[in-house]
Amino acid sequence: MPSPQIRQPKVLVLRTAGTNCDYETDYAFQLAGAKTALVHINQLLSQQVSLSDYQILAIPGGFSYGDDIAAGILLANEIRYKLLDAIIDFIEKNGLIIGICNGFQVLVRSGLLPQINAVAQEVSLTSNTSSKFECRWTTLTTESTNCVFTQGLPEQIYLPVAHAEGRFIAPEETIDQLESNGQIVFRYASSDYPDNPNGSSRNIAGICDPTGRILGMMPHPERYLTRYNHPRWTREDLVAEGDGLAIFRHAVNDVSS
Amino acid sequence: MNVETIPLRDASDSDLERISREGLLSLNLAEMQTIQTYFRQKDRDPTDVELETLAQTWSEHCVHKTFRGLIEYVENDRAPVIIDGLLKNTIAKATRELNRDWCVSVFVDNAGIIEFDGTYNIVFKVETHNHPSAIEPYGGAGTGIGGVIRDSLGTGLGAKPILNTDVFCFGFPDATEADLPKGTLHPKRVFKGVVAGVRDYGNRMGIPTANGAILFDPRYSSNPLVYCGNIGLIPKDRCHKQISPGDLVVALGGRTGRDGIHGATFSSLELDNTSENLGSVVQIGNPIVEKKITDALMQARDANLYNFITDCGAGGFSSAIGEMGEETGAEVHLERVPLKYEGLTPWEIWLSEAQERMVIAVPPEHLADLLEICDNELVEATVLGSFTETRKLIVNYKDEVVADLDMDFLHHGLPRITKKAVWQTPNHSSPKLTASVDLTKSLHQILASPNVASKEWVIRQYDHEVQGGLVVKPLVGINNDGPSDACITIPVLGGLKGVVVANGINPKYGDLDPYHMAASAIDEAVRNAVSVGGDFSRIALLDNFSWGNPDKPDRLGGLVRAAQACYDLAIVYRTPFISGKDSLYNEYRNTLTGEQIAIPGTLLISAITVINDVSKAVTMDVKSADSLVYVVGKTYDELGGSHYLGLQNMIGNNVPVVRPESGKAVMEAICQAIDNRLIASCHDCSEGGIGAAVAEMAFSGGLGISISLSAVPGSTEIDRYDTILFSESNSRFIVEVNPEYQDQFEEVMSNVPFGLLGTTTSDPTLKITGLSGQTILQTEIAGLKASWQKTFDW
């Protein structure tokens, strides 16, 4: 008889109009050992699907609703005004949430990140200082935090970014608080353009909530799952697994145990 | 009532011509007379809806009259030859004769289909959106990519879009006002607008844009070219489609407005200094609407909810529904069409090229399931009518029949006309090369020339990583910034099988001979695909002609030459054409001065193939010091149309030609060596010849290269080392080989010309010695790279 403790975690990969990194995000969680479902937000709103049946919620990259008004804001408002109770309940029951790129923008605009004081927008992601879309690989420094997704990650990892609105900004004292709370999860390894591709304050590339169970990041871990994703795999000795996969596996392992 | 009747039966010939011209119908007199005869037999005059439907369906854009018609061709004063269907006798003929068993669907659907693996096939289509991009670069280019994505969605029962490729031709971005024809936008503005349009559409759709090219020539200032391509992935059992009478005509997606009316006929006219006033012919794009349709369609396809699909492109519903119902008949009700705003007349609804609309044929029993999917995905779906058994196209508006046409007349009534074509081989003055050109300076200038220079400014604005499958990227090398020859993507994550996409284009050679331009473009596209490890035995091609006015015999003569080369080379390379497109009438006329500018006849060849194991893929950046550097393929005295002569304001006569049998042997040898993992890096020799190729390989890899020209096959027949260095002969590669594989590599190359030129060096210098051992070029790679990168460092 299989042990009742070992269950295959279920991941809800949230979609809506303009989501476009759902396929590879879904694949990343499968590779990490989870059972996944691509779910349109309308299926949650109409209660055809219940978030409580899942242990991980992933909000993938893309241009939700065309990023009309501002990146991620329309989906953020749907979450904040129509799904907030379900999400708070989900977190209280030890669920995990990851928002990547547009998903990070959604988490920030819905107030789910960083939640220093309340569920309200406290920080922002705005237009890159280069004033253009940037698709390039960046080196990230992993900070030492309680973030569930990044426990045991190497000090530096390499991931691609692809966005026009990824510059992290907030009042200085808010960023001070993020630092003292240990909520800054990833920083770009240098402040020089293009190492810091968007001009983010203090090179911030990813943050978590105070519990470490909600992660938002601009770089795309789902785009570096195998060595063949790496831009220099034809010239460097690389291990088979890409740097991004561990982030998904840590999440899956956490909710499995 | 909103429908007008056009008094055609009693019209004189001059009336007919006036009606066509004033209505922007682009129908010639013979065509107008045919329509007149049809309605005389019907004993009534046509409605505006009927006349517009015929004009769209019969437009050059939709029916390719030039490629399918009769051509009387005179080459170099020889006796005239009648070509009965240029397409059928050249490009499609090659495909038919080759009869490759991995070709699933060719020239019949919205895109060509070839096999991928045991589960999926691949679809590929490239189109142009030239005229709209001339008038409104952002909207024109965005709807160009949006349109070609819908071609993939409308192929078979619908393919998932997985990759975009884009090739642009512009005037020089540093043009002054005096350089520009009246009424045209500045090339830099066109450039930036086109890139932004493609960027915003492709990125929002979540399709990686991973391959392309940008070329410059002053003749493109008044008539830029925007080629947009899309590759899709489709399950093997979803590649064929058949309408049944009784199926419902269902429109999906965007609402219909007054945008894009007459796009099909507009593209069949020359541009002039007043074209900028024709704003309504350009469509307005919304990529998120198209993304929603894609999401809904993939679910409906997999649930088997519809029997047929096509996109609304040129001609809007009139083309889509008219073509779908060709074998059956169709009856639709225009008042049911969801509109952006009120006030459209029936013919405007019927012809509008408003974007993001697909038409599907839905069995009535599946309608409820389809509507449920569409509702969940926020896609508007509307039943417009049904397919019938009458072989008639019946269009209603409210309670009135506004069009009643026989499908047979609509699709087969077009009179075939004979166009005249003349080709006279030009003779340019022989180039007078000076004795001592500073070759280091020349190399820097070639690398900095807009056609060759780094396009990183553009490439990084495209999301080429989305979908997570790109394994050979557009920029490669030690600093992720060298120019890749082709891209490779894994369409099904978890697998190792990849799709390889490459392009070939060089309009400069066309000024010497379009035949050799076409052959060179094919060779270049194939070379690029082979360079990264693409399987030479599985290459399929697309042809995309952008040409001047085909009613002018000299323009058409060049087109005939180019099409003949397509046949000749495809047969030897065994590379079938699976789809293609032509955009003719790319000319500009200043109505005030009479100035006339035709674009250089331009043929884009796109190549697609597979690589069974992407771990064997090769990139162009040199990998380590002390490797061997070879050239494979023979170099000829072929500076005609080259960058090197261009620097000295010459064009020359010796255009690079393709020697198909030896070219084929070279491709096969390279393919074999890569498959055996004997090659560390590989770069095709094209613009700028051996000089540009070794420079790019060196600075992309961050290492030096030291070579001697005396080892170049063919060098003994050429008396000048600058010619050897910069000749743009076809079918050549520069490769880097680890010394431990030297014997194995040379064994694989035993049947083709190759030469061991030198080695890679840890000293970051490019050093080239001439025929007698003297150093003719020595320069640091950092400086070469800086020259290459500075041009578009915007």
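Letters go in sequence order (proteins before strands), and every chain restarts at 1. Owing to the predicted nature of the structure, the values given are computational and were not obtained by experimental measurement. Atoms considered below: every heavy atom in the structure, side chains included; atoms not considered: hydrogens, waters and symmetry mates.
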- prompt: To the nearest 0.5 Å, what is the distance between CZ (B/Arg460) and CZ (A/Arg136)?
  reply: 4.5 Å

- prompt: What is the distance from atom OG of A/Ser64 to atom NZ of B/Lys291, rounded to the nearest 0.5 Å?
  reply: 12.0 Å

- prompt: Could you name the residues of residues 156-164 of chain A that have a heavy atom within less than 4.5 Å of a heavy atom in chain B?
  reply: A/Tyr158, A/Pro160, A/Ala162

- line: Cut-off 4.5 Å, heavy atoms of chain A, and the answer for B/Ser624 is neither

query: Atom CD1 in B/Ile162, atom OH in A/Tyr23: separation rounded to 0.5 Å?
result: 9.5 Å

- prompt: Sequence neighbours excluded, which residues qualify as side-chain contact (heavy atoms from CB on, under 4.5 Å) partners of B/Pro208?
  reply: B/Leu163, B/Val466, B/Gln467

- prompt: Could you give the distance from NZ (B/Lys473) to SG (A/Cys135), rounded to the nearest 0.5 Å?
  reply: 8.5 Å

Interface moiety of B/Lys623 toward chain A, non-hydrogen atoms closer than 4.5 Å: both

- line: Ranking A/Asn102, A/Thr19, A/Leu31 by heavy-atom pairs under 4.5 Å to chain B gives rank one to A/Thr19

field: Which portion of B/Asn203 sits near chain A, non-hydrogen atoms under 4.5 angstrom
entry: both

message: If I measure from the heavy atoms of chain A, does B/Leu496 come under 4.5 Å with its side chain, its backbone, both, or neither?
response: side chain

- request: Could you tell me which portion of B/Val289 (side chain, backbone, both or neither) has an atom closer than 4.5 angstrom to a non-hydrogen atom of chain A?
  value: neither

query: Quick one: OG1 on A/Thr16 to CD1 on B/Ile288, what's the gap to the nearest 0.5 Å?
result: 9.5 Å

- prompt: Can you say whether B/Arg199 sits under 4.5 Å from chain A via the side chain, the backbone, both, or neither, judging by heavy atoms?
  reply: side chain

- request: Mind checking the CG-CH2 spacing from B/Leu475 to A/Trp137? Nearest 0.5 Å is all I need.
  value: 13.5 Å

message: Only heavy atoms, only distances under 4.5 angstrom. Which residues in residues 369-381 of chain B are near chain A?
response: B/Asp375, B/Asn376, B/Glu377, B/Leu378

query: With respect to chain A, which residue among B/Gly469, B/Gly477, B/Pro287, B/Ala196 yields the maximal number of heavy-atom pairs within a distance under 4.5 Å?
result: B/Gly477

message: Which heavy atom of B/Tyr462 sits nearest to which heavy atom of A/Phe133, and what is that distance?
response: C-CE2, 4.3 Å

Validation row: B/Leu493, A/Glu24 side chains within 4.5 angstrom (heavy atoms): yes

message: I'd like to know whether OH of B/Tyr120 has more than 12 heavy-atom contacts from other residues, nucleotides or ligands below 6.0 angstrom.
response: no

statement: Under 4.5 Å to a heavy atom of chain A? For B/Ala617 that would be both

query: When only heavy atoms count and the cut-off is under 4.5 Å, which of residues 222-238 of chain A reach chain B?
result: A/Arg223, A/Tyr228, A/Asn229, A/His230, A/Pro231, A/Arg232, A/Trp233, A/Thr234, A/Arg235

query: Heavy-atom distance under 4.5 Å to chain B: side chain of A/Gln43, backbone, both or neither?
result: both

Top contributor to chain A contacts, counting heavy-atom pairs under 4.5 Å, from B/Met205, B/Glu290, B/His464, B/Lys292: B/His464

